[in-house]
Student: 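Handing you this structure, nothing more for now.
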Amino acid sequence: MDVSRILDSLNSAQREAVSCDKKSVLVLAGAGSGKTRVLVHRIAWLLQVQGVSPSAIMSVTFTNKAAKEMRSRIGELLQITPQGMWVGTFHGIAHRLLKAHWQDAGLPENFQIIDSDDQLRMVKRLLKEHELDETRFSPKSIQWYINGHKDEGRRAKHVDHHDDPYEKTLIQVYLAYEAACERSGQVDFGELLLRAHELWLNKPTVLNHYQQRFKYLLVDEFQDTNTIQYAWLRVLAGNNNTITAVGDDDQSIYGWRGAKIENIQQFSEDFPGTETVKLEQNYRSTSCILDAANAVIANNPSRLGKELWTDGEAGEPISLYAGFNEQDEARYIVERIEDHVSDHLLRSEQAILYRSNAQSRVLEEELIRTGIPYRIYGGQRFYDRLEIKNAVAYLRLSYGRDDDAAFERVINTPTRGIGNKTVEALRLRARESNTSLWRASEQLIADGSLTKRAITALQNFMTLINDCGEASKTLSLEDLASFVLEASDLMAFHGKETGEKGQARIENLQELVNATRQFEPEGDDSTALREFLDTAALDAGEQQADEYTDAVQLMTLHSAKGLEFPVVYLAGIEENLFPHKMSIEEPGRLEEERRLCYVGITRAMKYLYLTYAETRRWYGQESYNAVSRFVREIPDTCIQEVRVKANISRPVSAGMSYASSDHDTGLILGQRVMHNIFGEGVVLNIEGQGSNARVQVNFDQEGSKWLVAAYANLESI
DNA sequence: AAGATAGTCGTTTTT
DNA sequence: CGACTATCTT
């Protein structure tokens, strides 16, 4: 194939990255600089110019979505789908390895993946077993503790207790957790990575095989890798393989869950002779937006240093709007959305981004009020929904009886008279005999050490599961799913839940049957169930519901990473909210907030609106936040402040006295007032009546603010 | 075993 | 404030 086709459409930095023949390349790809493009073209370069076999290439991404996109774009560019290439997520690839080498990894052949929900349940159970006080040892924090150590590559036996009794207890729980997973053949997300790493370390022949095979490694979103992921990669790369890492230190926003931005710096040290290529030309945004982004991120020390530029137009200035409360902020945003719609932009080309999910409510209310269709991204994954998890638990038990997480979940769902007492007895026996709950049930029934009623109920349950197991051997995946839903009575159980909930649950369950019908197993029918269960555990499932209606997009800044929109509204750009209160004190965390802001700004292609509220109801309390420091970091020349209505030329002097009765606020223009947070100031303007009245005050310290008179408690002085 | 009630807690989220 | 949970009540 013609080499020019691969390089022609690229700029010189991109070309450099694509065709680099060093053993290690670090591509620092700024937002909108064609990162995925470089990865895809590099793979094409390796295959078609270097003549590398597809099976010598492994490309690792972070999310399933990214992996999917990578595969389809490679196919698009090459017009064929290369066979034997591994393209997947860290977790997906680790899982694939563990399935192939379960014995070497010390796992049972049919090990199951548990998600964080199952994990949390297990931790809670263990805390009860160990009679630990949940207020002192919160399940969530224990889960955090375990996952944190796993992400750092530490098992319970590696953790140092520092002679601290509290830490010692945590380690005990971690140990018990490991034992419980072992006993029931369950593997959590962190465990996938940890085991895959241990597989390299403990089985040199296995490692050697894969080192020989995967001569070319590519990693996307490298700034998001955690300790164990990077360690795993490094071992696989060894001294001889070629590794391409693509990432952006300025877009590292997952430090709080273990991502190590340091891995980027470390890379050049670990792989001597690394060639670093910076992609700084941006193809997404106007120069006005880029100037703002550059200016904000420049406030972070210890960056690797990049500056985005474009040869495009300056574009519109960024709008800054100060709402007097969050409803006013929402109203402003929705008005601008309508403006752009009448200006022939689609609703789906406009996104409202916010720091935390709680902000979406007011925005939604306003969108509903004005009848604008919207779609909220994020939220619960399809396979995380209660009814789906229940149904999948039955499928999991059909596949393997020792799956304790699944067993616990549905032993009494729908209710079948197996109470807590019986389940306690099962758990006790399982622990004593070091076996699964299913085997423990068999034992206890044989013993006759349960009440007659419990035995009957338990037997009914086990018969049901065995029937499902039999069905799984003969039926297609889809028929099995239907069978399980009927036999277990889950359909009826969820259907009778109150209000629209029941209806929604039934629809989701039907959607699950749909998913089984559309599922295309890689192997033959005999492995279809296992493959489907793995997908349910590792893949979010399509969230396609109303993808085709033209709707405004709402999402957190975190979930916006990697996306772009012609119009972006960045709502709630206030101190304490963004940067978030919890991150203001520590410099490291503040820098991550700033990177998040950089991510937000760089999502915008043409128009960017920054909005905040001077008064905001937050946790049931009125709060007064100053405009975010990030706004002040943007050069004035990029920003245009939107004036509130026509309050301009009314002269403000002590002599003027508009009757207070007009506004019911008891305030007079030009009057000096005292506010218990902002201190002293002068009333500049009054708008509205009664409880809606709002007052603009120019505070000596804090500058001008709009306040709701009813809440502001202004005192005349 | 469902329904009421008190109590808690409150960024960001993928696998 | 309000969503969620754990515990108590019938």
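What you are looking at is a predicted structure, and each value in this text was computed from that prediction instead of being measured. Chain letters run A, B, ... following the sequence lines, proteins first, then strands; residues in each count from 1.
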Student: For the base of B:dT13 and the side-chain ring of A:Tyr254, does the geometry meet a stacking cutoff of under 5.5 Å between centres and under 30° between planes?
Tutor: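 Not stacked: fails the 5.5 Å / 30° test.
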Student: Distance under 6.0 Å and angle within 45° of the ring axis: does A:Arg381 meet both against A:Tyr383?
Tutor: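 Checked: cation-pi criterion not met.
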Student: Verify whether one side chain among A:Glu329 and A:Gln327 offers a donor that lies under 3.5 Å from an acceptor in the other.
Tutor: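 Result is no, nothing qualifies.
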Student: Rounded to the nearest Å, what distance is computed from the CG atom of residue A:Asn420 to the P atom of nucleotide B:dA2?
Tutor: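 In whole Å, B:dA2 P and A:Asn420 CG are 14 Å from each other.
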Student: If you check the A:Arg257 side chain, which of B:dT14, B:dA1, B:dT12 turns out closest?
Tutor: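 Closest of the options to the side chain of A:Arg257: B:dT14.
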Student: Are A:Arg234 and A:Tyr230 in a cation-pi setup, meaning NZ or CZ lies under 6.0 angstrom from the ring centre and within 45 degrees of the ring axis?
Tutor: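 Flagged: A:Arg234 positioned over aromatic ring of A:Tyr230.
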Student: Nearest of B:dA1, B:dT13, B:dT12 to any side-chain atom of A:Ser559?
Tutor: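 When the side chain of A:Ser559 is considered, B:dT13 is the closest of B:dA1, B:dT13, B:dT12.
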Student: Report yes if a side-chain nitrogen or oxygen of A:Thr89 is closer than 4.0 Å to either non-bridging phosphate oxygen (OP1 or OP2) of B:dT14; otherwise report no.
Tutor: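 A:Thr89 to B:dT14 OP1/OP2: no side-chain N or O under 4.0 Å.
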Student: Within the structure, does a side-chain N or O atom of A:Ser583 lie under 4.0 Å from either OP1 or OP2 of B:dT12?
Tutor: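 Answer is no, no contact under 4.0 Å.
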Student: Can A:Arg121 be said to sit on top of A:Tyr177's aromatic six-ring, NZ or CZ under 6.0 Å from centre and within 45° of the ring axis?
Tutor: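 Because its charged atom misses either the 6.0 Å distance or the 45° angle limit, A:Arg121 does not stack over A:Tyr177.
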Student: Here's a test of your reading of the structure: between A:Thr556 and A:Gly620, which maps to the more 5' nucleotide of DNA chain B?
Tutor: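 Residue closer to the 5' terminus by nearest nucleotide: A:Gly620.
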Student: Just how far, in rounded Å, is P of B:dT12 from CG of A:Leu570?
Tutor: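 One finds 15 Å between P of B:dT12 and CG of A:Leu570, rounded.
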Student: Considering only atom C1', compute the distance from B:dT14 to C:dA3 and round it to an integer number of Å.
Tutor: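 Taking atom C1' in both B:dT14 and C:dA3, they lie 23 Å apart.
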Student: When we call it a touch if two heavy atoms are under 4.0 Å apart, what does A:Tyr619 touch: a base, just sugar-phosphate, or nothing?
Tutor: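 Base, at least one base atom sits under 4.0 Å.
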Student: Look at all strands and tell whether A:Asn357 reaches a base, only sugar-phosphate, or nothing, counting heavy atoms closer than 4.0 Å.
Tutor: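 It contacts sugar-phosphate atoms only.
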Student: Side chains of A:Thr413 and A:Asn390: donor-acceptor distance under 3.5 Å anywhere?
Tutor: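 There is no such pair between these side chains.
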Student: Verify the contact: side-chain N or O of A:Asn64 to OP1 or OP2 of B:dT15, cut-off strictly under 4.0 Å; return yes or no.
Tutor: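 Answer yes for this pair, as a side-chain N or O of A:Asn64 is under 4.0 Å from OP1 or OP2.
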Student: Nearest-Å distance, NZ (A:Lys128) to C1' (C:dA6)?
Tutor: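 Going from NZ in A:Lys128 over to C1' in C:dA6 covers 9 Å.
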Student: Measure from CG on A:Asp539 to P on B:dT15 and round the result to the nearest Å.
Tutor: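 The answer, rounded to whole Å, is 7 Å.
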Student: Specify the separation, in whole Å, of atom CD1 of A:Ile411 and atom P of B:dA1.
Tutor: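 Atom-to-atom, A:Ile411 to B:dA1, this comes out as 12 Å.
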Student: Report the residue (A:Phe493 or A:Ile253) whose heavy-atom-nearest nucleotide on DNA chain B is the more 5′ of the two.
Tutor: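 Final value for this comparison: A:Phe493.
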Student: Is any side-chain nitrogen or oxygen of A:Asn226 closer than 4.0 Å to OP1 or OP2 of B:dT15?
Tutor: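 Indeed not, no polar side-chain atom of A:Asn226 lies that close.
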Student: Look at all strands and tell whether A:Ser116 reaches a base, only sugar-phosphate, or nothing, counting heavy atoms closer than 4.0 Å.
Tutor: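 Here A:Ser116 touches the bases of the nucleic acid.
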Student: Cation-pi check for A:Tyr377 against A:Arg375: NZ or CZ below 6.0 Å from the six-membered ring centre and within 45 degrees of the axis, yes or no?
Tutor: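 Satisfied, under 6.0 Å and within 45°.
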Student: Is A:Lys124 close enough to C:dT5 that one of its side-chain N or O atoms is under 4.0 Å from OP1 or OP2 there?
Tutor: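 Answer is no, no contact under 4.0 Å.
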Student: For atom P, what is the distance between C:dC4 and B:dT13, given to the nearest Å?
Tutor: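 About 15 Å, rounded to a whole number of Å.
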Student: Between A:Tyr377 (OH) and B:dT12 (C1'), how many Å, whole number?
Tutor: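 Going from OH in A:Tyr377 over to C1' in B:dT12 covers 18 Å.
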Student: Are A:Arg361 and C:dC1 close enough that a side-chain N or O sits under 4.0 Å from OP1 or OP2?
Tutor: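 Indeed not, no polar side-chain atom of A:Arg361 lies that close.
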Student: Quick one: A:Gln223 CD to B:dT14 C1', roughly how many Å, whole number?
Tutor: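 One finds 14 Å between C1' of B:dT14 and CD of A:Gln223, rounded.
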Student: CG of A:Asn412 versus P of B:dA1: gap in Å, rounded?
Tutor: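 Going from A:Asn412 (CG) to B:dA1 (P), I get 6 Å.
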